[in-house]
Structure formats: C-alpha cells, structure tokens
Amino acid sequence: MVAMREKIPDILPDRGLFIGGAWRESSAGGRIEVENPSTGEMVCDIADASAADLDEAVSAARAAFDGPWGAVAPADRGRLLMKISSAIAEHHEWLAELEALDVGKPIGEARADARALARYFEFYAGAADKVHGATLPYLPGYSVFTQREPLGVTGHIIPWNYPMQILGRSVVAALTMGNAVVLKPAELASLTSLAVARIAHEAGLPAGALNVVTGSGAGAGHALAAHPGINHVSFTGSLRTGTSVQAAAAAHAVPVTLELGGKSPQILFDDADVDQALPLLVKAAVQNAGQTCSAGSRILVERGLYPLIVARLTERFRALEAGPATADPPLGPLISAKQRARVEAYIELGRCELTLAARGEIAPGAPSGGHYVAPVLFADVPPGHRLAQEEIFGPVVVVIPFDGEREAVQIANGTPYGLVAAVWTRDGGRQLRLAKQLKAGQVFLNDYGAGGGVELPFGGVGRSGHGREKGMAALESFSALKTVVAHHG
Ligand code: NAD
C-alpha cells in the first residue's frame, strides 16, 4: 500500500490557493510546512495567503454570487450538493487517510468525519428547496409574506480539530442558501479543505462559489474577518481569537457566528444506569485526544455513586493508550508540540494540587517525534480549581462529587462556558428539570453525542459563543429574512 504521504502530490499537486475555480500561488510566495503529528515529520507544504489574495478570493466569490452561482435554482443547488455528497462518499477512504496524516486523528475517527461530511452535503441537498417563508395576517387591504434570502459572500474560519465536520456544518449550510464562500482553514490542518474544493469543483460547483484560502490566522484569517466585502463571518475556534474576529467584523457591521470552547459537564445521579453510562463518559471525554470543543471533560457524580464511578473510570483510563493515527488507537497524538506542552503544564499543575486517580499509556513503539499525551483522570477536584474551570483541549478529565440536584446544577453552570451538558438519571422529572436549568446549547439525557448528529442545531451560550450551526437552524444563520408588504386596497 502506498503511504498517504506519497499520494499527496497526485491528490493536491501544488497545494495552492483555490480561487475562482483555479489553483494559484500566494501572491507573496509564502508557504507553510505541514507536519504529521503522529511522527513530527514534515510531509508537504501549503500556500500562505496574503491580504491581496483575500481580496481576490472575495472578488471571485462576489462575481459568482452576482453571476452563475446566484442564478442556480434551489432544486438545482440541491442536486449539485447531492452530487458532491456522493463524490465525497466515494473518496472517503483517502480523505480519511489525508486527515489522519495531517491532524493525527485515529483513522477510525477520521473515517467517521469523512462520512459525516458526505452526510452534511446529503442533508443540506435535501433542504435546499424546502426553506419556506410565511404569510402574515396584517391590516385590511394588505398581503404580507416573508422570504429567506442569501447574505452574499460568507467568510468561514475553522479550527484544526474536526476540519471536515466543521467545514460541513458551516460551509455547506452557507452554500445551500446560495451564498458564495471564502473558507480559511486552520494552518495546522488545511489539506482536506483543499481536497474538498477539488472534489466539489470536479462535481460541477461553479467557479467562485467555494474559494479556499490557506494561511496563518494573523494574516489570512484576520484579513478575511476584517474584509469589507463579506456579509457574514462564521468562526469556530478559541474564545480569544473569536472575540478578535468579532471586533474585526464589527468595523463593517458584519454579523458573526461564534462557535467557541467549552468545559462541558456529564452529571451522574445515584440512580444512573452505570453500565450504559461508562463507555460514553469515557468516549465523550477523550475522543480526538480531548481536542473536542464539546468534550465532556467534567464528570460530576452524586456522592452515593462516587466511589464506584471513580474506581470504574480509573480502570478504564489505565487501559487507554495514545498511539499513531494509522494504528487506530483509542487516542491519537495532539496536534502540535505547542499544544502538548500546554496540556502537560495543566497535568503538572494537577499533579501538584490534585489527586491523580489514573494515567493511561503511550503505546510502546509510538514514534518519539509524535505529540503524544497519556490520558489523565483527576478525582475529588474542587469545582473552582483551574483544571475544572479552563478548557484544556487535551485528554485531561476531572471528577467532582456533589450532593443533590441543586448542587449539581450549581457546579455544572459554574464556568463561563455553556456548550453541551449530559444528565444520567432514571428520574423523568429530574431529566426535564435539569434540561431547563442547565446552561448549554445542547443537553443530552442518558446519552452524550459530543455535538450530536448533522440534524441537531449546535452552538453555545455564554463564552461558548452565539449563533447556531447544523440542522435547519444553520440555514437561518446563513440567510436574511425579508418581509414583503403589499398594499392592494
Ligand atoms: P484558534 O482560535 O487558534 O484558531 C481557529 C482559526 O482561527 C484558525 O483557522 C486560525 O488560523 C484562525 N485565526 C487565528 N488567529 C486569527 C485572527 N487573529 N483572526 C482571524 N482568524 C484567526 O483555535 P484552534 O486552536 O484552532 O482551535 C481550538 C479552539 O477551537 C478550542 O478553544 C475549541 O474549543 C474551539 N472549537 C470550538 C468548536 C465549537 O463548535 N464550539 C469546535 C471546534 C473547536
């Protein structure tokens, strides 16, 4: 089998910028090296776009929106999206291999991401011609109706942890509404975004409808957020960058959707079904090596069940191993040496101040240049401790005991974030009470979906952001509601 690294020149020959349906080099000639996080080796490079390239991309998107792409009827847009979905499904194996190489994601998780991307195109293909307006009762002699219209050119800045899934939930929804897109993927994980541009173009997406501009955050990312020619910014990433993106867009009164971080609680009451909960508790916490915005990284356990849960989690964490993406381990490496150093600093702090309940392993034979972190479980963690408050974005999980429903809600809601929450209890009344009281964009009852399916609206409250993506709700984010008032007497 030819390794993915050797296939890259065939899949993405120049790895340039994809603007107006064609590949081109960055005008300033800059390149960014691409590292394999499983080995630390450099595998290829990508273009580093300048502000001038962003101007080109926004102009190409505008020309497509005002021209051929804007003229495509909703049903035809849907057919085109379905064609792209089929092409992605057909190519999903190499897309997954490319992602595993670029991001260090275990190949099984990368395959799931590629399938999810195909599913986004499929879901929104079916939705393209089903976005209806309403007729509104008004005064005698009037007819009033509403219609949803595209915004124009939408900018999308996405992170490195789930490139294909986040492209799916934001870019595909924007295209569905007829917007033309400029996408700036993360500099640490751009290869699958470039590959999707190629696949979509080959499937017939008109030139300029989807432009992919790779580059640094401070350069290309800022230039996109601050560009006066865009009509909306969808940003997924850290709180710090998100607020700077919002400020840049505010200079032109451009609306922004912010999908930021989280410190999501998984709450177990004494009556929880432990056997059903345990595998999901662990998966929700360490999936993608904990580099998941909706990771269930705080496990809150009612006092009666607490010793049992800590013991069972300890067993499971000790058995977890971090290894190279191609071996499909429970955890891959972290994305970069910088991210590993950041996570290790949190672990060191925890070791000094907290009770270390368990630590997993790094697989024997894992390449020494890879950015591996063995997963860690801390028990009896005070809810106000930094490890229970801050988003670590690594395989570090805290367990916190509580007494009764009121304290559970208080602890769960006691961070600045509010992305996802899970409640494990057989008490139906308690399920519904907590679903109301928890500060989160999604609440799972006796389950955890780490963001849930393509159909389910997703987004945060508080410092986790604002606006919704996924499901039909995303189509509202990427369109404007127009009210038409006819006075006919
Ligand atoms: P990041 O904020 O550093 O980068 C995200 C994107 O922003 C990248 O494409 C980056 O190049 C770009 N960027 C950086 N500086 C910029 C600037 N000044 N102007 C414009 N763009 C800029 O985030 P990250 O480290 O890539 O991702 C991790 C963070 O993302 C975590 O906090 C995580 O919780 C969050 N995240 C949230 C969600 C969600 O849906 N809520 C999903 C995934 C990740």
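Counting begins at 1 with the first residue of the sequence. For ligands, and for the atoms within them, numbers begin at 1 and follow the listed sequence. Nothing here was measured: the structure is a model prediction, and the numbers come from that model.
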Could you list the atoms of ligand 1 found under 4.0 angstrom from a heavy atom of [X]?
X: H222; result: 19 (N), 20 (C)
X: R169; result: 39 (C), 40 (O), 42 (C)
X: E391; result: 31 (C), 32 (O), 33 (C), 34 (O)
X: I158; result: 6 (C), 8 (C), 9 (O)
X: G261; result: 34 (O)
X: I166; result: 42 (C), 43 (C)

Where is the nearest protein heavy atom to [atom]: which residue, which atom, and how far?
atom: atom 24 (P) of ligand 1; answer: W160 NE1, 3.4 Å
atom: atom 20 (C) of ligand 1; answer: G221 C, 3.2 Å
atom: atom 44 (C) of ligand 1; answer: N161 ND2, 3.3 Å
atom: atom 13 (N) of ligand 1; answer: G217 CA, 3.3 Å
atom: atom 28 (C) of ligand 1; answer: F393 CE2, 3.5 Å
atom: atom 12 (C) of ligand 1; answer: I157 CG2, 3.6 Å
atom: atom 39 (C) of ligand 1; answer: C293 SG, 3.1 Å
atom: atom 27 (O) of ligand 1; answer: P159 CB, 3.5 Å

Report yes or no: does [X] contribute a side-chain atom to a donor-acceptor pair with the main-chain N or O of [Y] at less than 3.5 Å?
X: R468; Y: G460; value: yes
X: E109; Y: P106; value: no
X: T292; Y: S294; value: no
X: S464; Y: G261; value: yes

Tell me, please: is [X] in heavy-atom contact with ligand 1, that is, under 4.0 Å?
X: S244; answer: yes
X: P185; answer: yes
X: F458; answer: yes
X: K470; answer: no
X: L239; answer: no

Note to self: Is it the case that atom NE2 in H91 sees more than 12 heavy atoms from other parts of the structure closer than 6.0 Å?
What the structure shows: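 Count over threshold, so yes.
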Checklist line | 4.5 Å side-chain heavy-atom contact, V196 and V171 | finding: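 They are not in contact (no side-chain heavy atoms under 4.5 Å apart), so the answer is no.
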What I want to find out is whether [X] reaches [Y] closely enough, with some N-O distance under 4.0 Å, to be called a salt bridge.
X: E391; Y: R342; result: no
X: E353; Y: R386; result: no
X: R115; Y: E122; result: no
X: R111; Y: E93; result: yes
X: R31; Y: E25; result: yes

Between [X] and ligand 1, does any nitrogen or oxygen pair lie at a separation below 3.5 Å?
X: G262; value: no
X: S238; value: yes
X: K184; value: yes
X: E187; value: yes
X: F235; value: no
X: T241; value: yes
X: L260; value: yes

Item checked: Heavy-atom pair with the smallest gap, counting every atom of A295 and A285 -> CB-O, 4.2 Å
Notebook entry, point to check: Does atom 4 (O) of ligand 1 have any protein heavy atom closer than 4.0 Å?
Noted result: no
Margin query: Is it true that H232 and T257 share a donor-acceptor pair across their side chains at a distance under 3.5 Å?
Written below: yes
Check: Out of curiosity, F235 CZ to I166 CD1, how far, rounded to the nearest 0.5 Å?
Finding: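 Result: 10.0 Å between the selected atoms.
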Notebook entry, point to check: Cation-pi between K105 and Y162: NZ/CZ under 6.0 Å from ring centre and within 45° of the ring axis?
Noted result: yes
Notebook entry, point to check: Taking it one step at a time, do D48 and S216 satisfy side chain to side chain contact (heavy atoms under 4.5 Å, CB included)?
Noted result: CA-CA 7 Å; D48 186 8; S216 72; 4.3 Å; yes
